[in-house]
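Worksheet: the structure to be examined is printed underneath.
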Amino acid sequence: MSGVVRFLRSQGHTTLAYVSQPVNASPFICSESVREQGFVRAAEECGYGDGDVIVIPSLCNAGEQVEQDMYSGIVAQLLSVVRKPTGICVSCDAAAVPLIKEMRRMGWRVPQEMRRLSDSTTISAPPLPA
């Protein structure tokens, strides 16, 4: 996570977000927690302050919630903050693509307004089907 945050800082990002896996679908919950804590710690070490970082945690016990609704909720949280993040780190690639699709659906211009990094350090927003 330190490398990811340093990269985002070097690219001029002033506000960051970390988006956890939307639902605890993985049996490796501990790994998710370690990533999140590492991201927050790295952001602090790189000089980001309290209002510069938002963390969107996993939705525990989401039950039968529709995937689109989960991503709509995540994007709504990202859009509702005072300072919209310019860089987002997503905990897994499987969550990154539907998140980008929902961001675009809600009018967020990706990648023009935003860059994203997942744990595989993909640094772009791929074209998505409509």
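No experiment lies behind these values; they were computed from the predicted model shown. The basis for the numbers below is simple: all heavy atoms, side chains too, and nothing from hydrogens, waters or symmetry mates. In this chain, residues are counted from 1 in sequence order.
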Between CZ of R35 and OH of Y18, what distance do you get to the nearest 0.5 Å? 6.0 Å
Return the set of residues passing side chain to side chain donor-acceptor pair (under 3.5 Å) with S2 (not counting sequence neighbours), or none when no residue passes. R6
Working for side-chain contact (heavy atoms from CB on, under 4.5 Å), residues V53 and T15: CA-CA 6 Å; V53 177; T15 54; over 6 Å; no
Within this structure, what is the CG-CZ distance for the pair L16 and R9, rounded to the nearest 0.5 Å? 7.5 Å
Kindly indicate whether the side chain of V34, heavy atoms from C-beta on, has any atom under 4.5 Å from the side chain of M1. no
For residues 36-52, please give each side-chain donor-acceptor pair under 3.5 Å, one per line with the distance, not counting sequence neighbours.
{"residue": "E36", "atom": "OE1", "partner": "S20", "partner atom": "OG", "Å": "3.2"}
{"residue": "Q37", "atom": "NE2", "partner": "S33", "partner atom": "OG", "Å": "3.2"}
{"residue": "Y48", "atom": "OH", "partner": "H13", "partner atom": "O", "Å": "2.7"}
{"residue": "D52", "atom": "OD1", "partner": "R83", "partner atom": "NH1", "Å": "2.5"}
{"residue": "D52", "atom": "OD2", "partner": "G49", "partner atom": "N", "Å": "2.7"}

So which heavy atom on T14 is nearest to which on T86, and how close? N-OG1, 3.5 Å
Return the CZ to CG distance between R104 and L99, rounded to the nearest 0.5 Å. 11.0 Å
Does anything in residues 79-104 form a ring-ring contact (aromatic ring centres under 6.0 Å, His included)? List the pairs, not counting sequence neighbours. none
If every non-hydrogen atom of A95 is compared with every non-hydrogen atom of P98, which pair is closest and at what distance? O-CD, 3.5 Å
Closest non-hydrogen atom pair between K84 and L78, with its separation: CG-O, 4.0 Å
Only one of I74, V75, V97 forms a side-chain contact (heavy atoms from CB on, under 4.5 Å) with E102, so which one is it? V75
